[in-house]
Novice: 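The structure is given below, and queries will be raised subsequently.
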Amino acid sequence: MENGKKTGENTQIYVYNQMVFLSKPSDKIQQYIDLKNGYNISTIKDRNTVFKKIISFDSLPIPKKENDTRVILGYECQHVSFSYFSNRIDVWYTEKAAVKGTPNSNYLPNRNALVLQMVYNGNQTLTANAITKVKKYEPFITYDDKTVLVDKSEFEEILINSRYTKLHIFDNEKLNFNSKSIIPKEEDLISDKVYHFSNGSVVLKKIKITPELKNSNAVFAKLTCKSNGDAYDRTGSVFIIPEKKEREITTLLDAYLHGLDRLPIYTDSKANKYQGIIKEKGYSPAIELLRFFTPFGVNHFNDKRKINNYNWANEVVYKEDITSLVPTDEDEIWIGVFIGNYDAGGHIISLEFDAYPLMNNESNIKTKKYIVPLFSTVNTMEMSGQNYGGLFANDTLKVNFEIKEEVKNLQLLYTTTGHGGWGNGDEFVPRMNKLFVDGKEVFKIIPWRTDCATYRLFNPASGNFSDGLSSSDLSRSNWCPGTLTFPYIVPLNDLQKGNHVIEVVIDQGPNEGPSTNHWNVSGVLVGQLNN
């Protein structure tokens with residue numbers, strides 16, 4: 001079978017590595033896949049039975065008879081079309097070949113059909129280029145005791161999952177406040193073991209950068225979260241601490257192991273001190289992968305807040321593309337997850353990285369990534385006394401940095417969320433954010449989310465007001481309970497090699513009572529290095 005894809009007036013031809021199995025009209029349709037890992041699956045379907053179960057979930061679409069015909073490989077072929085998930089599939093087939101077969105078992109017009117051509121949405125064509133008749137043909141596939149017979153939906157799930165690699169990092173780890181949490185000794189740290197820090201609110205693990213991650217086309221982080229007793233919406237962060245290449249370099253890991261005093265201090269104009277929030281000589285902040293917010297008590301409080309027609313979610317799943325942020329030139333990295341809370345039950349999280357491979361027609365030449373974290377006021381050591389990022393009320397955040405190499409597609413990934421107060425705090429009041437590089441304004445935005453009511457079913461423990469609104473419905477400064485906050489992409493292509501200054505300016509409002517306003521901001525430079 002050859003596949004043709006239209007590109008304007010031209011047709012691009014390439015060959016699928018695909019096997020089509022034929023059978024007698026009386027036989028069942030069979031699909032088979034060898035996952036090359038000792039685990040084979042197959043699914044067998046009787047076409048007549050399927051046609052009799054049109055209303056079932058696994059039913060195939062009903063073809064529509066078209067009036068035209070065409071000759072393919074000497075056979076006059078009839079034409080039918082299918083409407084399938086908003087796609088048009090045109091099929092040309094013959095009944096004169098005494099066998100039935102199709103490259104896609106979803107589209108077989110009848111029990112005597114041999115499909116010789118399929119056209120997807122008018123722009124991708126799959127055509128048989130030869131038919132070889134073999135006397136006394138014997139199928140070359142043999143099934144052994146490792147082969148598992150599954151139904152169609154299971155087959156599709158296994159097929160999809162076989163196409164990419166799942167790297168499980170954390171499985172059902174508890175993030176809670178535990179003042180008795182034991183800090184391990186630095187010399188005892190090993191790879192692939194889970195450690196808890198900052199009174200239980202941070203979980204860390206050193207992982208190896210596998211060949212699947214190094215050679216991936218895309219990497220996604222998938223985080224699941226549910227309440228284990230905490231009823232409130234909390235700030236969460238998934239981050240990377242790069243492996244130290246020099247002894248004199250300090251990272252967050254040093255602070256988790258030995259205390260906050262290991263971190264350099266940033267002092268604002270009012271002499272307030274903030275630990276470890278900017279890149280400077282001898283210190284690098286963490287690389288933030290995901291900024292997420294826990295919902296109000298999902299799972300744990302579902303049965304405690306039963307409301308008719310409110311079908312609470314069992315957990316929240318967050319998934320985000322982190323391809324540009326994973327340092328694939330490293331051998332090992334520390335992965336961390338933080339949820340700020342003072343609850344003994346806390347939250348349960350799981351984390352995996354999904355690595356999607358390069359396709360056959362994509363280049364195997366991988367450019368080296370440029371990843372430099374510049375600042376982060378996300379206080380992942382909050383439960384150890386790290387200060388909140390409230391400096392913007394009386395100061396700006398300035399970072400000196402140097403670009404030492406030629407970088408292509410240089411961008412700053414800027415993530416920002418506002419917090420504090422009740423009705424008049426920065427959580428609920430829109431505030432301007434501006435970024436300056438070398439004194440020139442490069443970005444400004446009022447970060448604001450108006451879609452929080454969309455996620456009501458994630459929030460069973462959310463408070464309800466007399467006007468009918470829920471607390472989780474309220475618009476906020478770039479976050480909602482139970483959602484991700486995505487980074488803004490700030491292009492910096494004109495930035496040359498040399499020393500630079502970046503400045504973050506936020507119109508932070510006055511504190512509301514005892515609740516202090518603050519902003520969690522992080523900035524990471526990303527790009528590709530010239531080879």
Side-chain angles (χ1 to χ4, degrees), residues 1-6 10-34 41-56 58-143 147 149 151-152 155-156 159:
M1 284 267 176
E2 285 187 348
N3 184 71
K5 185 176 181 181
K6 291 183 179 178
N10 300 320
T11 301
Q12 198 175 27
I13 301 293
Y14 55 94
V15 179
Y16 277 126
N17 183 17
Q18 178 174 348
M19 185 64 67
V20 180
F21 295 98
L22 307 181
S23 64
K24 299 176 182 177
S26 59
D27 292 342
K28 297 176 181 179
I29 301 170
Q30 179 172 292
Q31 289 177 275
Y32 177 86
I33 181 171
D34 185 352
I41 60 170
S42 67
T43 179
I44 298 175
K45 179 180 294 184
D46 188 322
R47 178 69 199 195
N48 293 327
T49 303
V50 171
F51 261 123
K52 292 178 182 177
K53 294 183 178 179
I54 295 173
I55 63 172
S56 71
D58 286 332
S59 297
L60 298 180
I62 300 174
K64 175 187 175 183
K65 180 70 175 177
E66 305 289 347
N67 293 325
D68 60 318
T69 62
R70 62 180 56 172
V71 176
I72 302 172
L73 297 177
Y75 290 97
E76 183 176 354
C77 294
Q78 307 299 312
H79 179 199
V80 296
S81 63
F82 295 86
S83 179
Y84 193 62
F85 288 98
S86 300
N87 295 289
R88 179 184 170 98
I89 315 297
D90 290 281
V91 172
W92 278 266
Y93 69 96
T94 179
E95 295 179 325
K96 304 297 185 181
V99 293
K100 67 177 178 182
T102 174
N104 188 324
S105 64
N106 286 322
Y107 312 117
L108 189 65
N110 60 57
R111 62 178 296 176
N112 298 307
L114 175 63
V115 174
L116 297 179
Q117 187 174 80
M118 300 178 69
V119 180
Y120 299 84
N121 292 319
N123 61 14
Q124 185 171 316
T125 302
L126 191 66
T127 305
N129 57 11
I131 294 177
T132 302
K133 297 182 180 180
V134 179
K135 293 183 178 180
K136 298 182 179 179
Y137 172 75
E138 296 291 336
F140 64 86
I141 289 181
T142 58
Y143 300 102
T147 302
L149 184 65
D151 64 26
K152 185 177 185 298
F155 185 89
E156 290 297 325
L159 180 61

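Note that the structure is predicted; figures quoted are calculated from it, not measured.
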Novice: Should W92 and T127 be marked as a side-chain contact (heavy atoms from CB on, under 4.5 Å) after you check the CA-CA gap, both sets of side-chain angles, and the distance that decides it?
Specialist: CA-CA 9 Å; W92 278 266; T127 305; over 6 Å; no
Novice: Is the closest side-chain heavy-atom distance between H79 and T69 below 4.5 Å?
Specialist: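 Answer no - side chains too far apart.
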Novice: Atom CG of N121 and atom OH of Y84: how far apart are they, to the nearest 0.5 Å?
Specialist: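 Separation between the atoms: 13.5 Å.
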Novice: Is the count of non-hydrogen atoms from other residues, nucleotides or ligands lying under 6.0 Å from E66 atom CD greater than 12?
Specialist: yes
Novice: Look at the aromatic rings of Y107 and Y120 and report parallel, tilted or perpendicular, splitting at 30° and 60°.
Specialist: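 Perpendicular: the ring planes of Y107 and Y120 meet at over 60°.
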Novice: Looking at every heavy atom in both A128 and L73, which two are closest together, and how far apart are they?
Specialist: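 Residues A128 and L73, closest heavy atoms: O-CD1, 3.7 Å.
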Novice: For residues K64 and S83, determine if any side-chain heavy atom of one lies less than 4.5 Å from a side-chain heavy atom of the other.
Specialist: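 They are not in contact (no side-chain heavy atoms under 4.5 Å apart), so the answer is no.
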Novice: To the nearest 0.5 angstrom, please state how far the CG atom of N110 sits from the CD atom of E95.
Specialist: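 Between N110 CG and E95 CD, I get 4.5 Å after rounding to 0.5 Å.
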Novice: Is the closest side-chain heavy-atom distance between Y93 and T102 below 4.5 Å?
Specialist: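 No - every pair of side-chain heavy atoms lies 4.5 Å or more apart.
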Novice: How long is the straight-line distance from CD1 of I89 back to CG of N104, given to the nearest 0.5 Å?
Specialist: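 Between atom CG of N104 and atom CD1 of I89 there are 8.0 Å.
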Novice: Compare all side-chain heavy atoms of V115 with those of P109 and state whether any distance is below 4.5 angstrom.
Specialist: yes
Novice: Any non-hydrogen side-chain atom of K100 less than 4.5 Å from a side-chain atom of L114?
Specialist: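 In short, these two side chains do not touch, never coming nearer than 4.5 Å.
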Novice: Taking all non-hydrogen atoms of both residues into account, name the closest pair between L108 and A113 and its distance.
Specialist: CD1-O, 3.5 Å
Novice: Is any side-chain heavy atom of M118 closer than 4.5 Å to a side-chain heavy atom of P103?
Specialist: yes
Novice: Rounded to the nearest 0.5 Å, what separation is found between the OG1 atom of T94 and the CD atom of Q78?
Specialist: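 Between atom OG1 of T94 and atom CD of Q78 there are 8.0 Å.
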